[in-house]
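All values derive from a computational prediction rather than experimental measurement. Sequence positions, counted from 1, serve as the residue numbers for this chain.
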Amino acid sequence: MDIPNTTATIPQAPPDFRSGFVAIVGRPNVGKSTLMNQLVGQKIAITSPVAQTTRNRLQGIVTTPTCQMILLDTPGIHKPHHELGRVLVKNAIQAIHSVDLIVFLVDSSATLGRGDQFVVDLLQKSDGPVVVGLNKQDQQPPDQREELNASYETLTEDHGWPCFKFSALTGEGLSDFQSALETRLEPGPYYYPPDLVTDQPERFIMGELIREQILLLTRQEVPHSVAIAIEKVEETPQRTNVFAAITVERGSQKGIIIGQKGSMLQAIGSAARQQIQKLISGDVYLKLFVKVEPKWRQSRQQLLEFGYRVEE
């Protein structure tokens, strides 16, 4: 993966080059991170079957010969139940008002719900253009496909928002969708070097890859009361040593993550290490620690320490 390099040069954009910032918004678990990874061409955002995976407003960069799109993978818009949730939703709403184009992503394998209507109401307050993505076409029951698509199309037709059908998981239909996004951006410059795929530092991505494995391996047993802090990274000629702390809110959650005789922590570490090795293209030694910080998601100070803050 290409990581931000402040010394890299940004070329002059050719004539008719288009560029801009594109926010991907929608309810939790509609496939926003999967869509970003597909468009970027490699994994930069974590995915999970558990809703509300994305926490930080991650930027992915898609550069073609004619366009550069900076994608903002926003947290799922939902009714928050703690301070962390309020920060996440506020950041997602902020993104709506600070980009050149909005992708309203929906899960077209499920019936249109109140959560989708809530997002629509928010988007009505934005001046920016909106494109609707009917994701998860591959998961639609064949006998319900027309009915499901029609429900979303009727909702968006009233606002003049064009709809595109695709599967972010398989990539089917994404080529036309990407072309549609590019044509809706204004002429503009390169914002980043052409070979860059994200503006996030390597340590952030490492932490996200560890958190992803916790979500995948523990599922509902340890929901979103987990935070990761990369405490130290040591580079040696042979390998990269990574030391990370996993913070949970309750002692019972710590027990689940550690597992019987450390079996779960070992499984999390092994899977995360393989993903981090792909990230840095080299051997990795990963050491994980688990600690308890009661109600950290309710503490503004601890949220700041873990890197969760309201975007300006």
Side-chain angles (χ1 to χ4, degrees), residues 1-11 13 17-26 28 30-48 52-64 66-77 87-105 126 128-131 133 135 168 174 177-178 181-182 184-186 188-209 211-212 228 230 275-276 278-280 306-312:
M1 175 182 293
D2 295 299
I3 302 300
N5 179 359
T6 56
T7 63
T9 58
I10 299 178
F17 191 79
R18 294 174 180 269
S19 62
F21 291 77
V22 181
I24 306 174
V25 301
V30 296
K32 296 184 293 295
S33 296
T34 303
L35 175 61
M36 171 175 280
N37 289 338
Q38 278 280 16
L39 292 175
V40 170
Q42 59 180 279
K43 183 174 184 173
I44 62 169
I46 70 171
T47 60
S48 164
Q52 203 52 45
T53 299
T54 300
R55 287 182 176 172
N56 295 74
R57 199 172 73 181
L58 179 66
Q59 290 192 173
I61 304 164
V62 180
T63 304
T64 69
T66 58
C67 180
Q68 184 175 79
M69 290 189 294
I70 297 89
L71 305 173
L72 280 65
D73 179 16
T74 64
I77 297 175
V87 169
L88 299 183
V89 172
K90 190 169 183 178
N91 286 347
I93 294 173
Q94 175 67 21
I96 293 173
H97 300 283
S98 61
V99 294
D100 303 297
L101 179 64
I102 300 166
V103 173
F104 173 28
L105 196 66
S126 170
V130 177
V131 174
N135 190 25
L174 273 188
F177 178 64
Q178 181 173 335
L181 298 183
E182 292 184 5
R184 284 168 171 79
L185 293 176
E186 299 291 332
Y190 284 101
Y191 289 96
Y192 294 94
D195 58 347
L196 207 63
V197 296
T198 182
D199 69 335
Q200 293 290 347
E202 214 169 44
R203 284 192 176 207
F204 172 82
I205 303 294
M206 288 179 180
E208 287 291 271
L209 293 174
R211 189 165 68 90
E212 177 180 47
I228 311 297
I230 303 297
Q275 293 295 323
I276 295 172
K278 294 177 183 178
L279 171 70
I280 68 171
F306 287 123
Y308 301 119
R309 64 193 69 209
V310 175
E311 302 285 352
E312 300 297 337

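Among Ile102, Leu72, Val99, Leu105, the one residue that satisfies the side chain to side chain contact (heavy atoms under 4.5 Å, CB included) test with Val25 is Ile102. Partner of Leu101 under the side chain to side chain contact (heavy atoms under 4.5 Å, CB included) criterion, chosen from Val130, Leu71, Leu185: Leu185.
Interatomic distance, CD1 of Ile61 versus CE of Met36, reported as 9.5 Å (0.5 Å rounding).
Under the 4.5 Å side-chain criterion, counting only non-hydrogen atoms from C-beta, Glu208 is not in contact with Ile228. Looking at Val30 and Leu35, their side chains never come closer than 4.5 Å, going by heavy atoms from C-beta outward. Looking only at side-chain heavy atoms (C-beta outward), Leu209 and Met206 stay at 4.5 Å or farther from each other. Taking 4.5 Å as the limit, every side-chain heavy atom of Val40 sits out of range of all side-chain heavy atoms of Thr198.
Using a distance-only test at 3.5 Å, with no hydrogens or angles considered, a donor-acceptor pair links the side chain of Ser19 to the main chain of Pro189. Between the side chain of Asn135 and the main chain of Ala168, a donor-acceptor pair closer than 3.5 Å is present. Without hydrogens or angle criteria, Glu182 side chain to Arg18 main chain gives no donor-acceptor distance under 3.5 Å.
When the side-chain contact (heavy atoms from CB on, under 4.5 Å) test is applied to Gln38, the partners found at least two apart in sequence or on another chain are Leu174. Under the ring-ring contact (aromatic ring centres under 6.0 Å, His included) criterion, Tyr191 pairs with Phe21, sequence neighbours left out. The side-chain contact (heavy atoms from CB on, under 4.5 Å) check on Pro194 picks up Pro11, Thr63, Tyr190, with sequence neighbours excluded. In this structure Gln275 satisfies the side-chain hydrogen bond (donor to acceptor under 3.5 Å, both in side chains) test with no other residue, sequence neighbours excluded.
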- request: I would like to know whether Gln178 and Met69 meet side-chain contact (heavy atoms from CB on, under 4.5 Å); could you show each step before the answer?
  value: CA-CA 10 Å; Gln178 181 173 335; Met69 290 189 294; 3.8 Å; yes
